[in-house]
Novice: 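First the structure, then my questions, so here it is.
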Amino acid sequence: MKTRLASLTIACLTAAAPVGVAAQTQVATGFNPHNPFGSAASLLWQRIQQQCGPLKFPVIVGIASRPSTRDAFTTDQGNNIMQQIRAAFSNIPGVAMAPWLDLDPIKGIVDTGVLDSPLAGDNKEVLSKLQIEIRASGQKVGAAARFNLSAHGWNGYETCTPSLDPFTVSQEFIGEEYSSTDAIFEKVASQVWESSVDTSNPLTLSVRMLSGLPVTAGWQEFFADKMRRALSKQNAEERETRIRAARHVTLVMAHDPAVDETARWDGMVTVDPRPTGYRLSISMNRKNTTPISEDGMVTLDELPTMQQWAALGPSSGRRSIAVPRLGETPLRINASLAGGRALQEFPFSVPAESYVEIDIPTASVRGPVPALPLDVLGPNKAPLRTIHIANPSRPNLRRYRVPAGDYTIRVASPGPARHDFQLRARAVDTNGMLAPEAPGRLLRRYQDWFASVVEDPRTGRRTCFAYTSAIEAGPRNWREQAPFILLQAQSHGTGEIQHLIEDKRFYKPGAPFEAVINEGGTMRPLNAVPPAEKNRNHIRPEKEGSEGRPIIDMDAVAGYNRGTTLEINGTTPDGRPAHVIYSLQGYRAAVNAMSIECGRRDLANALVWK
């Protein structure tokens, strides 16, 4: 029996023309915005079966691995989109994936004779059976995107052209890129300059927090400086090109009433704190001009520290100090100790019973000793007891469980020498858990997964990460930080990937422990148990290697591709049933990004495309 081929090609994820009003309707009932590509693929597959049948099963589905993204999406975002659509079709009953990673090169060499080689196997025969090509195109709409998914018949199925109405996909499924404040402001400045009149154009800039909290003077000046620099760059480019009449856009503190209102720009920067950074939204408005807007996510370290978080002086009382309230987005301040018996104290408050995390990253310490005496004082000035498990790589980390109220952080000098440092503090209600901080510099977010990188400034070598935190964990008050999965790879060589799925210190030794992957309702056991060695705390999916030692089970990790969740069941040290659920949505894209960032395509081949 000959097999027919349905080919999924995302060869042109470009910025399509604006969708007409008549086409704005959502796709048919059954579309799930929480699973946009999966549900859209299922709906289109239903229409293919209705209009293109009868189909003989299994139907082979092929996909192009490197879509051309150009204006609408970055190459990385296009790759992420492609992976999600590929995964959606691979999960449809009766569908088998074509034997190629990328269909386009196969189609491109069909006339070269390469496919006639015995080494090419049956690729030419399979290609000759192509029946359906599925095309995807997308258009950015603010922070989301609208997509079209359509099928086009081949080889006798030319009249088969089912399609879906455009459907909206939120940013988390596209892949959120972490940008820089410079890049965002330069985009705005370029558009402002292009839309300005050929005279003087004054521009004011105000800053606000989406939460309504006051903005620090340091942030106001920071954004003003970014705007000045971006406008100056545009001014320099205009002088070099000299293709227009002279124009000037100048940042001013306040508008001169005598200036023509059609030349005045009013700018606003809106800052929305998130646990992993800040979303910046910049809007520019001028009379009789289409508003200009840009937004993007920046990492926590992109913005200055909270300078209004003043230290308590020797005679300072709380009434004279603005006491900041801690939240999930860390408050940060750069401070110093003169040495000797010097102390620095910083007040904070929490509105409800909370887990509080205080840390001074060792990388921020400038002084002979990286570990500093650090405490949190209660209302009676007595030091509170930390509840975290000691971590040698983070000697200044402290975590506490405290009721609502006011508290004080105290940092003491470890010796006679001066120490400069950055203090970080955050909190979360005990109904939740603190999200793990990014290892290194955040690169991208893909649904529930993130990619990040650390680069050694001396050698240039990189360590790349793909990670996610638990979407569910219990029992309540079991631990202050959410469990996390971490995959880690080095840029140099072909070393083994490090893969951690839990910390054995949160489980009762010797008690039953189970890890399973949920594959569409089918639970597949994962060979992962707490290690017996005292010096090993992390639980990994392992198998026995050729030398009899445990090694990472790459086949098991590659099996994440077929799953929706990874679930762990065990027992807490005090005997309570414990469970952890990780989402696998975004795993493929995050691991692929990690592999690309560190030049380890071998890992993507083993864990994503296998």
Side-chain angles (χ1 to χ4, degrees), residues 355 357-363 369-374 384-401 433-440 454 463 465-470 473-475 477-490 493 495-517 525-557 560 566-582:
Y355 291 126
E357 180 180 270
I358 311 296
D359 193 18
I360 297 176
T362 54
V369 181
L372 306 180
L374 181 64
L384 303 182
R385 183 178 179 181
T386 182
I387 61 174
H388 85 292
I389 296 175
N391 183 346
S393 66
R394 299 178 69 180
N396 298 315
L397 175 65
R398 306 286 187 272
R399 293 197 182 108
Y400 305 86
R401 181 180 175 184
M433 290 178 289
L434 292 161
E437 289 195 75
V454 173
T463 303
F465 305 88
Y467 69 96
T468 186
S469 59
N477 298 326
W478 171 31
R479 53 211 287 183
E480 68 279 1
Q481 178 175 283
F484 61 91
I485 295 178
L486 179 71
L487 290 92
Q488 173 182 334
Q490 304 290 332
E496 181 187 61
I497 188 172
Q498 298 298 316
H499 181 42
L500 316 173
I501 65 171
E502 250 294 28
D503 191 325
K504 77 171 185 181
R505 294 173 294 184
F506 290 101
Y507 295 87
K508 185 176 182 178
F513 182 91
E514 179 188 47
V516 295
I517 295 176
L526 187 68
N527 186 24
V529 296
E533 298 93 329
K534 291 184 178 180
N535 62 341
R536 281 188 57 199
N537 295 320
H538 289 99
I539 302 169
R540 314 188 307 170
E542 295 179 330
K543 64 180 180 181
E544 186 176 295
S546 57
E547 298 179 358
R549 294 182 299 178
I551 61 173
I552 292 292
D553 187 347
M554 298 290 278
D555 291 334
V557 181
Y560 291 3
L566 189 157
E567 304 178 19
I568 292 173
N569 292 285
T571 305
T572 68
D574 59 4
R576 294 178 292 168
H579 74 279
V580 174
I581 299 179
Y582 296 112

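Values in this document were obtained by computation on a predicted structure and should not be read as measured data.
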Novice: For the NZ atom of K504 and the CD atom of E533, what is their distance to the nearest 0.5 Å?
Specialist: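 Atom-to-atom, K504:NZ and E533:CD are 7.0 Å apart.
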Novice: How far apart are the closest heavy atoms of I568 and A515, and which atoms are they?
Specialist: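 Between these two residues, the closest heavy atoms are CG1-CB, 4.2 Å.
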Novice: Can any side-chain N or O of R398 pair as donor or acceptor with the backbone N or O of P395 at less than 3.5 Å?
Specialist: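 Yes.
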Novice: Just how far is it from atom CZ of F484 to atom CG of L500, taken to the nearest 0.5 Å?
Specialist: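 Rounded to the nearest 0.5 Å, the CZ-CG separation comes to 7.0 Å.
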Novice: Has T386 got a side-chain atom pairing as donor or acceptor with R399's backbone, closer than 3.5 angstrom?
Specialist: yes
Novice: To the nearest 0.5 Å, what is the distance between OG1 (T572) and CZ (F506)?
Specialist: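 Answer for the OG1-CZ pair, T572 versus F506, is 11.5 Å.
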Novice: Looking only at non-hydrogen atoms, find the nearest pair between Y560 and H499 and report the distance.
Specialist: OH-NE2, 2.9 Å
Novice: Okay, side chain of Y582, backbone of I501: is any donor-acceptor separation there less than 3.5 Å?
Specialist: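 At least one qualifying donor-acceptor pair exists.
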Novice: Please round to the nearest 0.5 Å and tell me the distance separating atom CG of L487 and atom CD1 of I497.
Specialist: 4.5 Å
Novice: Take atom NZ of K508 as the centre, draw a 6.0 Å sphere, and report whether it contains more than 12 heavy atoms from other residues, nucleotides or ligands.
Specialist: no
Novice: Which heavy-atom pair separates M433 from A482 by the least distance, and what is that distance?
Specialist: CB-N, 3.6 Å
Novice: Please confirm whether the backbone N or O of L397 pairs with a side-chain atom of H388, one donor and one acceptor, at under 3.5 Å?
Specialist: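 A pair under 3.5 Å: yes.
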Novice: Just do the side-chain contact (heavy atoms from CB on, under 4.5 Å) check on E357 and Q481 with the steps written out, would you?
Specialist: CA-CA 9 Å; E357 180 180 270; Q481 178 175 283; 4.1 Å; yes
Novice: Measure across P577 and P475 and return the closest heavy-atom pair with its distance rounded to 0.1 Å.
Specialist: O-CD, 3.4 Å
Novice: In sequence, state the C-alpha distance, the side-chain angles, and the governing distance for K543 and M554, and then conclude on side-chain contact (heavy atoms from CB on, under 4.5 Å).
Specialist: CA-CA 9 Å; K543 64 180 180 181; M554 298 290 278; over 6 Å; no
Novice: For residues E502 and P483, report the shortest heavy-atom separation together with the two atoms involved.
Specialist: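 It is OE2-CB, 3.7 Å.
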Novice: Mind checking the CG-CZ spacing from N477 to R401? Nearest 0.5 Å is all I need.
Specialist: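 Result: 3.5 Å between the selected atoms.
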Novice: Find the distance between CG (L374) and CG (N396) and round it off to the nearest 0.5 Å.
Specialist: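 These two atoms lie 6.5 Å from each other.
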Novice: Looking at side-chain heavy atoms only, is the closest gap between E437 and P361 below 4.5 Å?
Specialist: no
Novice: Charged N to carboxylate O under 4.0 angstrom, R549 versus E496?
Specialist: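 Looking at R549 and E496, the cut-off is not met.
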Novice: What closest approach, in Å, do I517 and A556 show between heavy atoms, and which atom pair accounts for it?
Specialist: CD1-O, 4.2 Å
Novice: Would you confirm whether N527, through its side chain, and E542, through its main-chain N or O, come within 3.5 Å as a donor-acceptor pair?
Specialist: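 Confirmed, N527 side chain pairs with E542 backbone.
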